[in-house]
There are 2 protein chains.
Amino acid sequence: MSRPSPHDPHHLAGASSNSPSSRSRASPGVSKDISIDDVAEQAGVSVATVSRVLNGHSNVRAETRERVLAAIETSGYRVNELARNLRTAESRLLLTMVPNFGNPFYADIVRGIDSVARQHGYFMLLCDTGADPGRERSYFEMLRRRRADGAICLDPAAAQQALSEELHTLPWVACCEFDADVGVPYVGIDNYRAAGDAVLHLLSRGHTRIALINSGDGYLYAQQRERGYQDALHNAGIAPDPRWRMHLDSLDYEAGAFAAASLMAQADPPTAIFAVSDTLAIGVIKGLRSVGKRVPDDVAVVGFDDISLAAQIDPPLTTIAQPMRELGETAARQLLKRLANRSANVPGVLLPHRLIVRGSA
Amino acid sequence: MSRPSPHDPHHLAGASSNSPSSRSRASPGVSKDISIDDVAEQAGVSVATVSRVLNGHSNVRAETRERVLAAIETSGYRVNELARNLRTAESRLLLTMVPNFGNPFYADIVRGIDSVARQHGYFMLLCDTGADPGRERSYFEMLRRRRADGAICLDPAAAQQALSEELHTLPWVACCEFDADVGVPYVGIDNYRAAGDAVLHLLSRGHTRIALINSGDGYLYAQQRERGYQDALHNAGIAPDPRWRMHLDSLDYEAGAFAAASLMAQADPPTAIFAVSDTLAIGVIKGLRSVGKRVPDDVAVVGFDDISLAAQIDPPLTTIAQPMRELGETAARQLLKRLANRSANVPGVLLPHRLIVRGSA
DNA sequence: TTGAAAGCGCTAACAG
DNA sequence: CTGTTAGCGCTTTCAA
């Protein structure tokens with residue numbers, strides 16, 4: 001998208017006008033709306049011509065274009081995108097649904113989406129669904145009502161599936177949380193292998209009593225990571241104690257702290273903990289400390305995601321890094337591709353993760 | 001907004017239709033769009049009547065209404081909001097501009113805005129400006145182009161002012177970061193008094209060598225808190241050492257850590273630090289630890305905001321709490337008020353802060 | 001209680 | 001290169 005386009009947010013018709021004439025026909029307080037007709041009249045051309053210069057068409061004589069531009073400038077005209085959108089049958093809005101935007105994990109993903117969207121002349125609407133299928137549905141409904149052109153959904157697969165029968169025809173892609181078999185384009189990482197890598201690291205440090213602090217079952221990634229954890233342990237000839245597997249319904253710091261403390265209260269407590277998210281892991285470290293355990297000396301901790309805070313805590317968190325920004329960018333590009341060609345076959349894509357070894361394990 | 005409204009996102013015309021007839025006229029892959037005309041025809045009424053039932057008008061005979069509803073249901077019709085928006089000349093979209101949505105401080109504010117917006121049939125578009133006046137301008141431009149009806153801006157006052165001449169006529173309100181004299185409706189807290197309260201607390205703990213870690217001058221709140229800090233000290237008969245006042249261009253953990261370390265490298269280092277944001281304060285604690293200082297024994301730390309993480313770190317952070325959720329809700333209500341009545345006089349409002357004493361000071 | 005008809009402001013054939 | 005014109009799909013007078 002290199003040439004100036006009508007959808008480029010930076011292509012501001014008359015935006016630099018500070019002249020008082022911008023409000024030439026203003027009645028007290030309210031500035032009267034100027035339409036394309038006014039501009040046409042002022043420039044002595046037809047609305048079609050104005051529309052052409054607005055949209056950067058080349059078939060306008062330079063001199064005419066200047067005249068139109070001047071009229072736009074002095075009148076302070078702004079395109080009415082409501083009208084444009086109706087006419088072109090697109091809203092140029094993309095939805096991004098997250099279960100909880102207080103979770104720092106989403107920040108960079110969302111930035112990635114936003115940046116690609118803007119590059120292509122779209123705006124991104126961030127929607128907090130609270131992982132509630134009802135809320136989620138109401139956002140998908142925006143697609144049907146043409147308030148948005150497409151969506152990227154990071155909600156739990158469970159919530160997605162609750163709607164899936166009716167959702168197949170809608171233009172959206174799943175991000176981070178997806179069911180490869182469901183036929184919706186997706187982008188994410190290989191959660192199974194990533195969890196395995198985390199366990200392998202702990203194993204290589206000599207741990208055998210390794211606990212898993214997982215989130216609830218609504219998330220597919222949770223199941224994938226759990227299988228990765230179990231298989232890695234089995235492959236090492238270790239039969240994991242089921243008491244060491246915890247399932248939490250929250251990713252809050254508190255939840256992690258609580259889980260860690262209750263793990264330590266067991267008879268033969270684990271010497272290492274793999275938490276499926278950094279927020280959880282940070283809580284775990286706090287919980288450990290509160291019951292007098294040192295990290296990593298008494299208990300090693302590995303997290304997941306590599307949020308920016310992970311490097312800041314004490315001790316710095318060893319974790320599996322997800323390429324958040326790329327995840328978002330890729331998802332956005334997939335969606336755009338689907339929008340450009342509704343029948344395009346957009347495949348699922350898996351991006352690489354990597355283990356970041358810091359102080360906690 | 002108690003009666004079903006055309007703008008209630010939960011008022012989903014025909015949303016519960018799962019019948020295959022929803023795609024009755026579908027060609028392979030693409031489902032043909034159904035318009036209000038189709039519904040009218042199918043129900044044997046005029047489009048005007050369909051429109052009336054869509055909008056919950058009472059002047060439709062019950063039997064007719066049923067017929068229309070049935071037609072909507074079986075056809076799987078969805079209102080085209082692009083058309084509706086053009087006709088009613090509103091987009092039902094509100095913008096929220098934040099300088100950096102990775103900053104957890106904004107999470108609850110944004111939730112507050114979102115919740116009030118949704119209650120009133122608006123959607124909220126979250127915009128990350130990066131505190132860049134250019135980006136900010138492009139979002140304000142959306143108002144002029146009618147893509148959004150109003151905006152709430154949390155950007156630095158400096159960025160707002162860069163645009164202020166042209167922005168007076170636009171429907172927006174400033175939140176948290178505002179210049180009361182500029183004539184734009186605002187909501188925030190009394191930063192001057194809040195900073196004073198933080199200092200008073202440190203004073204009451206016996207500290208006299210109190211440092212200030214502040215953000216850059218672009219933020220008005222920074223100046224207000226700095227004055228609060230200075231005056232509180234002066235009133236206690238203390239002349240603060242200028243070397244103890246630091247100005248950072250970032251609110252990152254890293255920045256706080258670095259500032260703390262360099263403070264401690266001074267000849268007569270302070271025994272207490274007041275950081276103007278919790279993220280900074282968390283970094284400060286880490287920085288202190290990295291140079292071998294204990295908190296609060298060697299150095300006391302007070303933060304600002306009371307983000308959820310504040311209670312989780314070690315030691316738990318003493319801080320000034322802002323009523324984030326209420327700030328957002330109030331800002332949204334102010335904006336809505338202004339939208340409902342363009343000439344309404346919407347005053348600025350200050351919400352109460354409070355000191356939360358935890359372990360760090 | 002209902003319908004006919006006039007646009008909302010714009011884009012895109014189509015014709016010149 | 002430019003203008004005329006027909007809508008996009010909806011809401012809303014105005015009349016009946």
Side-chain angles (χ1 to χ4, degrees), chain A residues 5-7 11 13-14 32-69 71-72 75-92 121 144-147 149, chain B residues 5-7 11 13-14 32-69 71-72 75-92 121 144-147 149:
Chain A
S5 137
H7 300 302
H11 174 246
K32 183 116 184 50
D33 276 332
I34 299 140
S35 82
I36 197 175
D37 297 87
D38 302 311
V39 175
E41 183 181 0
Q42 194 173 321
V45 298
S46 73
V47 294
T49 298
V50 177
S51 176
R52 287 186 189 105
V53 348
L54 247 20
N55 292 288
H57 294 184
S58 54
N59 53 347
V60 179
R61 189 155 45 106
E63 186 211 326
T64 311
R65 176 187 312 279
E66 290 314 317
R67 208 139 34 88
V68 171
L69 255 14
I72 288 173
S75 64
Y77 167 74
R78 294 299 192 291
V79 115
N80 180 331
E81 306 221 36
L82 258 26
R84 173 128 93 195
N85 289 344
L86 172 59
R87 181 56 226 236
T88 59
E90 56 176 14
S91 65
R92 290 263 146 188
R144 293 207 177 78
R145 299 187 184 195
R146 339 245 34 161
R147 284 199 72 141
D149 292 339
Chain B
S5 139
H7 300 301
H11 174 245
K32 181 119 184 49
D33 275 335
I34 299 140
S35 82
I36 197 173
D37 296 86
D38 302 309
V39 176
E41 185 180 359
Q42 194 173 322
V45 298
S46 73
V47 295
T49 298
V50 177
S51 176
R52 287 185 188 107
V53 347
L54 247 21
N55 292 286
H57 293 183
S58 55
N59 53 346
V60 179
R61 193 155 44 104
E63 186 211 325
T64 311
R65 177 187 311 279
E66 290 313 316
R67 209 139 33 89
V68 171
L69 253 15
I72 288 174
S75 65
Y77 168 73
R78 293 298 192 293
V79 156
N80 181 329
E81 305 221 36
L82 259 27
R84 173 128 94 194
N85 289 344
L86 171 59
R87 180 55 227 231
T88 60
E90 56 177 11
S91 65
R92 291 260 146 191
R144 293 207 176 80
R145 299 188 184 196
R146 338 243 38 155
R147 285 199 71 140
D149 293 340

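Side-chain atoms are counted along with the backbone in the values below, which use heavy atoms only and exclude waters and symmetry mates.
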Output field dot_bracket for DNA chain C (Watson-Crick or G-U, both distances under 3.5 Å, | for other-strand pairs) contains ||||||||||||||||

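- The side-chain contact (heavy atoms from CB on, under 4.5 Å) test applied to A:R146 returns B:D33, B:N80, B:L82, not counting sequence neighbours.
- Residue B:R61 places its side chain closer to C:dT1 than to any other of D:dT2, C:dC10, C:dT1.
- Whole-Å rounding puts the A:I36 CD1 to D:dT5 P distance at 17 Å.
- Rounded to an integer number of Å, the gap from CD1 of A:I34 to P of C:dC10 is 11 Å.
- Distance CD (B:E63) to P (C:dT1): 13 Å, rounded to an integer number of Å.
- Atom P of nucleotide D:dC10 and atom CG of B:L86 are separated by 12 Å, given to the nearest angstrom.
- Between A:R84 and C:dT11 there is a side-chain polar atom (N or O) within less than 4.0 angstrom of OP1 or OP2.
- In this structure, CD of A:E81 is placed 16 Å from C1' of C:dC8, rounded to the nearest angstrom.
- Minimum heavy-atom separation, A:H57 to A:R65: O-NH2, 3.0 Å.
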Would you list the protein and nucleotides 14-16 of chain D atom pairs, both N or O, that sit under 3.5 Å from each other?
none

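- Look at B:T64 and you'll find a side-chain N or O under 4.0 angstrom from OP1 or OP2 of C:dT2.
- The two residues A:Y77 and A:I34 come nearest to each other via the heavy atoms CD1-O, 3.3 Å.
- A:I72 places a side-chain heavy atom less than 4.5 Å from the side chain of A:L54.
- Residue B:N80 is in sugar-phosphate contact alone, with no base atom involved, counting any heavy-atom pair closer than 4.0 Å across all strands shown.
- The nearest whole Å value for the distance from the CG atom in A:N55 to the P atom in C:dG9 is 17 Å.
- Residue pairs meeting the salt bridge (Lys or Arg N to Asp or Glu O under 4.0 Å) criterion with at least one member in residues 43-61 of chain B, sequence neighbours excluded: B:R61-B:E63.
- Going from atom CG of A:N59 over to atom P of C:dA12 covers 12 Å, rounded to whole Å.
- Here the shortest heavy-atom pairing between A:R145 and B:R78 reads CG-CB, 4.4 Å.
- Checked by atom type and distance alone, the side chain of A:R67 never pairs as donor or acceptor with a backbone atom of A:V45 at under 3.5 Å.
- In terms of position along DNA chain C, the nucleotide closest to B:A62 lies nearer the 5' end than the nucleotide closest to the other residue of the pair B:A83 and B:A62.
- Shown for residues 41-51 of chain B: residues whose heavy atoms fall under 4.0 angstrom of DNA chain D, namely B:A48, B:S51.
- OP1 or OP2 of C:dC8 has not a single side-chain nitrogen or oxygen of B:N85 nearer than 4.0 Å.
- Within the 4.5 Å cutoff, side-chain heavy atoms of B:R147 are placed close to those of A:R92.
- Shortest non-hydrogen contact noted between B:V39 and B:S75 is CG2-OG, 4.0 Å.
- Evaluation of the side chain to side chain donor-acceptor pair (under 3.5 Å) rule for A:S51 yields A:N55 as partners, not counting sequence neighbours.
- When all heavy atoms of B:V53 and B:L69 are compared, the pair lying nearest together is CG2-CD1, 3.7 Å.
- For the pair A:R78 CZ and C:dG9 P, the computed distance is 16 Å after rounding to whole Å.
- Considering every non-hydrogen atom in both B:A71 and B:A43, the closest pair reads CB-CB, 3.8 Å.
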